[in-house]
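See structure below.
Chain letters run A, B, ... following the sequence lines, proteins first, then strands; residues in each count from 1. Values below: every heavy atom of this structure, side chains too, minus hydrogens, waters and symmetry copies.
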Amino acid sequence: MARGQSASLDRKKLMADPIMMTTIVVLIAFLTLFILYPLAILLVDSLYGEGGVTLDIFQRIFQMRTFRTAITNTLKVGFVVGILSTLIGLLFAYVEVYVKMRKAVGGLFKVVSMLPVVSPPFVLSLSMIMLFGKAGLITRFVLGIYDNNIYGYWGIVIVQTLTFFPVCYMMLKGLLKNIDPSMEEASRDMGASRWKVFTTVTLPLLLPGLGNAFLVTFIESIADFANPMIIGGSYDTLATTIYLQITGAMDKQGAAAMAVVLLCITLAMFAVQKYYLERKTAATLTGKASRARMLIEDKSVTIPLTVLCSLAAIFVIMMYICVPIGALFPTWGYKFTPLTFKWFEQVFTKYRGLQAFRDSFVLSLIASPITALLSMIISYLVVKRKFRGKGFIEAVSILAMAVPGTVLGVGYIRGYANGLFHTGVLSGLYGTGLILIIVFVVRSLPTGTRSGISALRQIDKSIEESAYDMGADSLKVFTSVTLPLIKDSFLSGLVTAFVRSITAISAIILLVTPSYLLITVQINEFAEKGAYSIACAFATILILITYGSVVLMNIVIKHFGTSRIIKEVE
Amino acid sequence: MADLRAKQPKGVKLDHISKIYKDPKTGKDFYAVHDVDLSIEPGTFVTLLGPSGCGKTTTLRMIAGFESPDEGEIYLGGEPINSLTPNKRDTAMVFQSYALFPHYNVFDNVAYGLRLRKVPKAEIQQRVTDILALVELSGMEQRMTNQLSGGQQQRVALARALVVEPGVLLFDEPLSNLDAKLRVQMRTEIRRIQQALGITAIYVTHDQSEAMAISDNIILMKKGVIAQMGSPTEIYYRPNSEFVADFIGECNFLKGSIASAGAGQAAVRIAGVDVPVATEKSVRVGEAGEIVLRPEAIVIGDTGLLPCRVELSCFMGSYQNYHVRVGDTLVKITDNCPINKKVFKVGDSAYISFDKNCAHLL
């Protein structure tokens with residue numbers, strides 16, 4: 001039994017379709033060059049010394065006490081952040097799905113889930129310092145504590161938990177909604193109390209999902225660069241240690257080896273999450289709930305839960321609001337009136353703010369359509385077509401999800417500073433705006449691809465097949481059928497890519513050259529120097545830009561999206 | 001109205017076609033379609049029939065070009081088409097889920113194929129209007145597809161495939177999403193249009209009554225191979241195996257041994273009685289013999305050929321449904337218009353009899 005003929009026929013059919021062929025070749029080249037190669041070069045660099053293959057470099061970095069501490073620090077923070085975020089996320093998700101609550105509380109929830117999307121990843125560190133630091137509004141002026149040290153372990157844990165728990169909340173909300181209420185009703189009917197129902201039915205069903213949420217946050221926390229940088233103080237994590245190894249110790253080879261270690265940790269977690277937990281989650285919770293759930297109205301349950309969540313939500317929102325307000329005070333911690341715009345003025349007059357915003361804006365604006373289109377093409381190929389190399393494309397785009405920005409940054413330095421494999425080929429790329437754009441694209445590609453894939457899976461395969469069958473070639477099928485049908489997903493991918501790019505920092509901070517000023521890098525710099533007011537002013541403008549683009553997207557989708565055309569006629 | 005008759009219906013030939021898939025559980029290769037060898041005359045309506053997993057849809061998708069065969073060659077109108085992509089093949093498919101483009105209205109859906117072929121605008125207008133009239137959807141041009149009922153969506157899908165005048169029209173279980181009544185109406189419609197246009201049609205279904213009602217020829221498949229090919233009457237009355245007999249409608253099997261054999265006729269000894277049956281087969285006395293009997297071909301009465309005991313007697317409206325025991329064998333009988341006849345009760349003794357031409361020797 002040999003499948004040779006169908007394979008060769010499939011190949012022939014592919015050859016007869018030059019557009020598809022070119023797309024695949026270009027995609028594979030792009031993924032190899034900008035995701036696989038930088039990671040590979042890290043491994044090569046850290047294993048290949050003067051005398052051939054050697055473990056010397058790894059030996060050297062593992063002998064550094066700072067590095068060993070960084071590993072334990074990172075894991076400790078990641079573990080605690082993972083657990084706390086999952087628990088808080090579960091609380092929020094449970095309350096939203098199971099408890100009857102007032103509209104206003106629902107609104108709070110929505111704001112909380114939206115905030116981390118539109119804000120730069122390290123805003124909470126800023127507000128944490130401003131509220132609870134030495135000159136913190138709450139610590140000093142409300143509680144009268146003058147020497148509170150927020151820098152370090154707990155600072156990172158609190159800030160990361162507040163930053164990442166909305167992700168858990170959204171994930172768990174989706175899962176809880178898929179639990180068929182009749183299972184819980186059956187348990188209740190047989191005499192179980194609400195708490196018993198939760199512990200014997202809901203929780204076991206949710207367990208793989210909780211594990212999933214935990215690991216996703218764990219990975220995010222490990223990969224996070226900016227928060228430990230700003231609020232970590234002397235408490236170094238892997239991401240910051242690698243950064244300092246490059247910028248401080250100028251030890252690029254050591255940094256490469258450290259990056260390999262960090263990558264191995266995230267990859268291992270990612271593998272467990274992707275191939276074990278995600279599958280298990282899908283196996284226990286499939287399909288849709290058969291009908292609406294009877295919401296809990298019992299006041300002894302609803303009041304404490306709603307109050308708890310509302311307080312938490314208000315706290316998070318207050319943290320975010322602190323940033324624009326902080327930019328309005330004359331001197332944070334000393335002089336609060338009269339409110340002033342001087343910091344905003346200084347952004348533009350003293351600190352070349354206009355150039356920073358222009359550079360960030362333009363680079364992100366170029367990167368986002370490329371990202372959106374690439375991720376839609378990848379999703380289309382992965383979901384709808386079969387060809388050789390599809391496994392490769394899918395695997396590499398998923399792999400990119402697990403790569404921390406810092407690792408990618410080091411990979412680009414090692415891989416492109418002296419050209420491909422240090423031969424000088426393509427060395428012109430390094431230090432240009434183009435490589436920044438490429439980093440933006442690679443960093444947002446996995447998210448875009450994931451949402452594209454889930455959007456496309458909902459479209460019956462035979463719709464495209466019928467277009468193909470009617471005589472349309474691949475390009476025509478994609479432009480006349482696929483793209484119009486996932487226009488909404490494409491538009492939101494566009495904006496997500498833009499927001500992610502303009503707020504990105506971890507990879508970019510390693511690659512940016514003095515000829516480009518990027519907002520996030522500026523904010524980081526000012527925050528490190530302790531110039532919080534100016535950092536807040538920068539961050540406020542950035543949040544306005546990202547929030548504005550999300551609002552714009554929603555308007556565009558509402559008026560021009562496909563869902564409108566299809567819904568309108570129903 | 002313009003002449004909508006197919007310009008040139010094409011024949012289809014499958015030359016020893018096989019398709020191998022990997023079993024996702026065991027990881028082993030298996031034949032999803034094995035050595036399917038058949039040829040379909042231009043202008044005929046042929047149905048690929050069989051239970052799920054028999055390879056009928058895979059065969060159809062190989063003809064359309066979505067799958068590539070591992071062995072053999074497919075010919076369309078005499079030309080080998082194995083290496084052609086689906087968009088280069090002169091086929092048009094009507095999908096199970098209709099696969100209408102939700103972002104287009106009815107007119108644009110139907111015009112899609114013509115626009116790809118760069119047909120002039122005026123001609124597109126004319127042809128779409130004509131074809132929509134044929135499927136009785138005139139006046140619906142501007143509707144979006146989700147404003148249509150299931151049956152109407154089915155007609156749009158059919159019109160979209162017909163309008164490009166394909167050499168062969170492919171149907172992949174097109175009626176399985178419709179309710180029973182509409183299904184009967186639509187299959188008559190499809191047959192009417194196919195005959196009016198003289199087009200070649202290959203139709204996949206697992207519904208044997210649909211297959212019989214609609215086809216010139218039926219190809220019954222089982223586990224990737226052809227179990228039997230022939231006209232609906234041949235397959236119904238002259239099945240070549242228990243599987244075919246059982247798949248095409250309700251069926252009884254009476255086992256015994258050949259008691260006598262003659263020209264065009266034999267007798268099978270069942271429960272001590274020699275039962276005559278017409279057959280062209282050459283059989284020898286003493287061999288095992290199995291008779292296939294349709295429930296409606298059996299008469300139950302106080303006298304007859306084989307004695308039996310009634311185990312179930314159930315009034316179904318248009319007929320009385322009996323289960324009777326003949327020897328060890330359970331026999332199902334449908335007795336039409338029971339109001340004019342004696343109705344037997346459970347536990348009654350009775351006799352069954354049947355015409356020797358209605359019985360078939362396997």
Hey, which of B:V164, B:L84, B:T145, B:D172 has the most heavy atom pairs under 4.5 Å with chain A?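 The answer is B:L84.
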Under a 4.5 Å cutoff for heavy-atom pairs, which residue among B:S18, B:S83, B:G113 has the most contacts with chain A?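 Of B:S18, B:S83, B:G113, B:S83 has the most heavy-atom pairs under 4.5 Å with chain A.
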In the structure I gave you, are the side-chain heavy atoms of A:L485 and B:H103 within less than 4.5 Å of one another anywhere? yes
Residue pair B:R160 / A:S466, side-chain heavy-atom distance below 4.5 Å: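 Side chain of B:R160 against side chain of A:S466, heavy atoms only: contact under 4.5 Å found.
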Contact origin within A:D10 toward chain B - heavy atom pairs under 4.5 Å: both
Side chain, backbone, both or neither: which part of A:K386 has an atom under 4.5 Å from a heavy atom of chain B?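 A:K386 touches chain B through side-chain heavy atoms alone.
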Verdict with reasoning, A:D469 to B:R89, per side chain to side chain contact (heavy atoms under 4.5 Å, CB included): CA-CA 8 Å; A:D469 187 55; B:R89 296 188 183 198; over 6 Å; no
Heavy-atom cut-off 4.5 Å, strictly under: side chain, backbone, both or neither for [X] against chain A?
{"X": "B:L170", "value": "neither"}
{"X": "B:R115", "value": "neither"}
{"X": "B:Y98", "value": "neither"}
{"X": "B:L114", "value": "neither"}
{"X": "B:Q96", "value": "neither"}
{"X": "B:K19", "value": "side chain"}

Give me the atom names and distance for the closest heavy-atom approach of B:D70 to A:S6.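 Scanning both residues completely, I find the closest heavy atoms to be OD1-OG, 2.5 Å.
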Residues B:L116 and A:A467: closest non-hydrogen pair is CD1-O, 4.4 Å
State, without any angle test, whether B:Y112 and A:S480 hold a side-chain donor-acceptor pair at a distance under 3.5 Å. yes
Using a distance-only test with no angle check, is there a side-chain donor-acceptor pair under 3.5 angstrom linking B:S68 and A:K13?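 Yes, A:K13 and B:S68 have a side-chain donor paired with an acceptor closer than 3.5 Å.
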Once you round to the nearest 0.5 Å, how far does [atom1] of [X] lie from [atom2] of [Y]?
{"X": "B:I81", "Y": "A:L9", "atom1": "CD1", "atom2": "CG", "answer": "11.0 Å"}
{"X": "B:F66", "Y": "A:E465", "atom1": "CZ", "atom2": "CD", "answer": "4.5 Å"}
{"X": "B:F101", "Y": "A:M470", "atom1": "CZ", "atom2": "CE", "answer": "7.0 Å"}
{"X": "A:S462", "Y": "B:M93", "atom1": "OG", "atom2": "CE", "answer": "8.0 Å"}

In terms of heavy-atom pairs under 4.5 Å with chain B, which of A:I459, A:D460, A:V481 leads?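 Sorted descending by pairs with chain B, the first entry is A:V481.
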Judged by atom type as modelled, is there a donor-acceptor pair below 3.5 Å linking the side chain of [X] to the main-chain atoms of [Y]?
{"X": "B:R117", "Y": "A:G471", "value": "no"}
{"X": "A:Q5", "Y": "B:G72", "value": "yes"}
{"X": "B:N87", "Y": "A:Y468", "value": "no"}

For B:K13, does the NZ atom sit with more than 12 other heavy atoms under 6.0 Å from it, leaving out its own atoms? yes
